[in-house]
Number of protein chains: 2
Amino acid sequence: MANVRGGDLSRLRQLNALAAIRALREAGPLTLTALAERTGLSRPSTKEVVDELAGLGWVEEVPPSPGTMGRPARRYRFRADCGHLVGVDIGGHNIRAALSDLDGEILAETRQPVRPDDPLEERLAAIERAVSGCLALSGRAASDLWLLAAGTTGVVSPEGRVQFSAAIPAWRGLDLAGELARMFPCEVLVENDSRLAALAEARRGAARGARDVVFLHVGRRMGTGLIIDGKVHRGFGAAAGEIVMLPEARWYDAPDHLNTCAVVPPGTPDEDAAGFTLAAARDGDPAALAAVGRYVDDLAVGTAAMVLLLDPQVVVLGGGFSRSADVLLGPLRERLERACVRLPEVRASALGDECVVMGAIDYAVDHLDRHLFTPDAGPSLPLPQPAGR
Amino acid sequence: MANVRGGDLSRLRQLNALAAIRALREAGPLTLTALAERTGLSRPSTKEVVDELAGLGWVEEVPPSPGTMGRPARRYRFRADCGHLVGVDIGGHNIRAALSDLDGEILAETRQPVRPDDPLEERLAAIERAVSGCLALSGRAASDLWLLAAGTTGVVSPEGRVQFSAAIPAWRGLDLAGELARMFPCEVLVENDSRLAALAEARRGAARGARDVVFLHVGRRMGTGLIIDGKVHRGFGAAAGEIVMLPEARWYDAPDHLNTCAVVPPGTPDEDAAGFTLAAARDGDPAALAAVGRYVDDLAVGTAAMVLLLDPQVVVLGGGFSRSADVLLGPLRERLERACVRLPEVRASALGDECVVMGAIDYAVDHLDRHLFTPDAGPSLPLPQPAGR
DNA sequence: GCTACTAATGAAGTGCTCCTTCGTAAGTAT
DNA sequence: ATACTTACGAAGGAGCACTTCATTAGTAGC
């Protein structure tokens with residue numbers, strides 16, 4: 001039981017203001033009557049609420065839609081642009097950043113190439129450049145930022161410390177949340193990248209609308225993200241999704257099947273090898289198809305464990321190899337069909353490389369929704385003065 | 001985003017009444033001033049709310065606590081006895097039922113022995129007898145029941161139909177929720193038994209207070225229940241937790257290690273065999289210890305998959321073999337320690353055979369809380385006329 | 001270009017809920 | 001018996017939302 005707090009009249013007003021904001025965010029610009037219908041309030045009350053919100057800067061009037069019968073109604077919209085969010089994807093080879101408004105609408109994106117063995121300072125500097133780039137592209141200042149969410153490879157502690165990262169050696173033990181908080185004058189969230197990717201697919205990608213989603217990052221490294229009941233599942237120690245560590249799940253070495261196929265030209269570096277095999281498989285090469293078969297055999301074991309355990313609505317295939325989803329999806333479905341009680345939908349990522357940044361943005365939007373736009377939670381409305389442009 | 005509904009003054013009153021009820025349920029009998037403090041309302045308002053609730057029958061006055069300074073304050077309590085819930089555990093060999101008040105406090109319990117191959121009608125009649133027994137023991141009528149929650153072995157569809165049950169052949173395809181609704185004049189919920197057991201352990205058993213719990217039913221049949229973020233996890237098709245179906249998890253045949261041990265007297269029926277091995281292991285018999293070791297080896301594989309995937313706070317060992325938890329816990333912890341990123345607490349069930357009935361009650365209480373005692377949900381308060389005794 | 005119709009606006013009046021304040025009541029300590 | 005402590009109950013006041021009605025600003029038809 002969460003709240004046992006009652007409230008007085010001003011709380012009622014707050015509730016109604018929140019309801020109005022939610023309605024406007026969901027349904028775009030609305031006339032007073034439409035808004036009144038949605039919120040269940042009378043028109044005069046709605047007007048008063050909207051006036052107050054307009055005074056605070058949360059809501060503004062837009063030109064009425066012409067061509068209607070009768071007197072044209074004034075229309076209002078939520079000012080999603082009164083605050084800004086940043087999402088960052090910290091990968092081994094790239095740092096991506098995106099800036100969005102409060103609705104998660106992307107306004108600017110940047111990318112900074114890095115190398116896995118770059119020293120710590122260089123990598124942090126690249127993050128700073130990526131975010132600054134977004135601010136510059138969209139003409140905002142760092143002080144306009146309300147919230148920054150970052151996704152990184154590796155196991156991230158509940159407090160935002162990187163426990164371990166195979167892809168970025170220098171990252172180990174870093175207090176990433178602390179470093180980011182020093183760099184940017186706003187609240188900072190840090191999460192594992194696969195979890196954010198899962199969230200993005202569940203919100204705007206291949207699994208839109210699903211409440212229970214399993215995201216598989218298939219690539220040279222394997223990773224998973226779980227969305228359960230619409231929320232990112234972290235686990236008690238924020239270590240959920242590490243099934244790749246289990247030898248019996250046969251994930252850890254699964255990519256080797258693709259790397260060691262005969263169609264890979266000798267001397268190809270490991271990181272490019274799988275691409276040859278997947279491409280050859282698409283062209284029907286028997287050796288490549290066999291290798292892909294063995295790969296999917298292994299992939300399906302861990303996946304079946306997840307599906308049997310969680311019974312998700314959708315399984316999303318993301319990560320580097322998901323560019324070859326056409327080659328992988330069929331075989332994977334077939335094996336899951338045999339192993340599982342109920343076959344979930346199995347789809348390829350719809351967001352590709354943007355997955356993690358998008359997820360970071362969505363994660364930030366969620367955070368905001370929970371802490372600002374939800375009754376019975378946090379300081380509620382009039383806190384972050386929405387600055388006019 | 002759930003609700004975009006605003007509200008008027010009466011809604012505010014409803015909110016405050018709900019807050020009062022929640023406070024009273026959480027903290028037992030309270031004086032007006034104490035209640036006012038908890039709800040954040042002024043004393044006069046609290047009084048008015050309490051008077052209204054008393055008039056509706058939700059709240060009643062109890063004698064003031066004597067021996068205090070100043071004028072003794074009137075005290076009020078939530079009338080948990082104004083409605084009743086029934087939990088039913090439908091197992092292969094036993095039907096258990098329990099009757100509780102609205103707080104989940106058990107008032108009566110009964111058990112009806114059945115046989116796995118009993119015909120459908122006989123089993124349904126046994127359920128009726130078990131519940132009637134509870135009603136008789138506590139002196140209530142069937143019309144006092146608000147809600148019945150039943151747990152059964154097997155896969156249960158979201159609508160309460162039994163898809164499949166290995167333990168109760170006659171159960172397959174049965175519209176259990178429908179049958180129960182015909183038998184009892186109240187709302188009916190049906191869920192898988194391991195999930196309910198998990199809920200009970202998370203609410204009042206070995207994992208009390210934990211939000212993420214994995215419950216392992218270890219016995220002649222294996223089963224699992226997941227509590228995620230404090231709620232029962234069903235999955236999209238209500239088929240979550242069926243990891244036993246995966247050969248690589250090595251659960252399905254795991255009990256064979258115990259059945260085929262040399263310490264089991266020849267001719268022992270399969271269902272009693274494991275008991276001999278576990279008992280011998282407790283006495284230090286080397287052959288039995290080796291068999292238990294092999295059993296836990298297998299058990300640990302599927303368990304590690306669950307732990308790695310979900311990172312729960314607690315793993316609870318329940319089911320028939322959990323009576324020998326002292327023999328199992330140590331080896332299981334040791335193997336999980338090696339396999340997992342973070343070792344969760346591993347504990348034996350605290351509720352034993354009562355697990356599922358308790359879980360059914362807790363499930364019913366949860367349902368009530370969500371649909372009756374939560375703002376923004378359902379018809380809210382004054383619906384089920386709380387009948388006076 | 002004028003009139004009829006439509007739909008939104010704005011202001012006035014009403015009712016409900018909660019708040020604060022103050023005098024009264026019912027106990028215990030000295 | 002008196003003083004002190006704590007709770008109760010009534011009265012007055014403020015805030016919020018509701019309903020109602022006259023007014024305004026458009027479109028459609030003649």
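Proteins come first, then strands; the chains are lettered A, B, ... in the order of their sequence lines, and each starts at number 1. What you see is a predicted model; the values in this text were computed from it and never measured.
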Q: Mind telling me whether A:F373 and A:W58 have parallel, tilted or perpendicular rings, with 30° and 60° as the class edges?
A: perpendicular

From CG of B:L9 across to P of C:dT14 the rounded distance in Å is 17 Å

Counted 5' to 3', the first and last nucleotides of DNA chain D within 4.0 Å (strictly under) of a heavy-atom of chain A are D:dG15 to D:dA28

The test is side-chain contact (heavy atoms from CB on, under 4.5 Å); show your working for A:E48 and A:R13 and say whether it passes. CA-CA 10 Å; A:E48 201 161 325; A:R13 163 57 63 95; 3.2 Å; yes

| message | Please classify the nucleic acid contact of B:T33 as base, sugar-phosphate, or nothing, using heavy-atom distances under 4.0 Å. | response | sugar-phosphate

**Prompt:** Are the side chains of A:K231 and A:L199 in touch, meaning some heavy atoms are under 4.5 Å apart?
**Reply:** no

Does A:R74 have a side-chain nitrogen or oxygen under 4.0 Å from the phosphate oxygens OP1 or OP2 of C:dG10? yes

Taken to the nearest whole Å, CD/A:E48 to P/C:dT9 is 15 Å

Indicate yes or no: at least one non-hydrogen side-chain atom of A:M358 is less than 4.5 angstrom from one of A:E201. no

Per nearest nucleotide of DNA chain C, the residue lying toward the 5' end, A:D8 or A:L32, is A:L32

Between A:N16 and A:P72, the residue closer to the 5' end of DNA chain D by nearest nucleotide is A:N16

A:L15 CG to C:dT17 C1', in whole Å, measures 15 Å

Rounded to whole Å, the CG-P distance (A:D51 to C:dA8) equals 17 Å

Ranking C:dT20, C:dA8, C:dA11 by distance to the side chain of B:S42, first place goes to C:dT20

Validation row: A:V365, A:L102 side chains within 4.5 angstrom (heavy atoms) = no

When rounded to whole Å, the CD to P distance for the pair B:Q14 and C:dC16 reads 17 Å

Exercise. Before accepting this row, confirm whether a basic side-chain N of the pair A:R77/A:E61 lies closer than 4.0 Å to the acidic partner's carboxylate O.
Key: no

### Query
Are A:R75 and A:P29 close enough that some pair of their side-chain heavy atoms sits under 4.5 Å apart?
yes

Per nearest nucleotide of DNA chain D, the residue lying toward the 5' end, B:A73 or A:P44, is B:A73

A:L35 CG to C:dA7 P, in whole Å, measures 19 Å

B:R71 CZ to C:dA25 C1', in whole Å, measures 5 Å

Separation of C:dT9 atom P from A:R75 atom CZ, nearest Å, is 12 Å

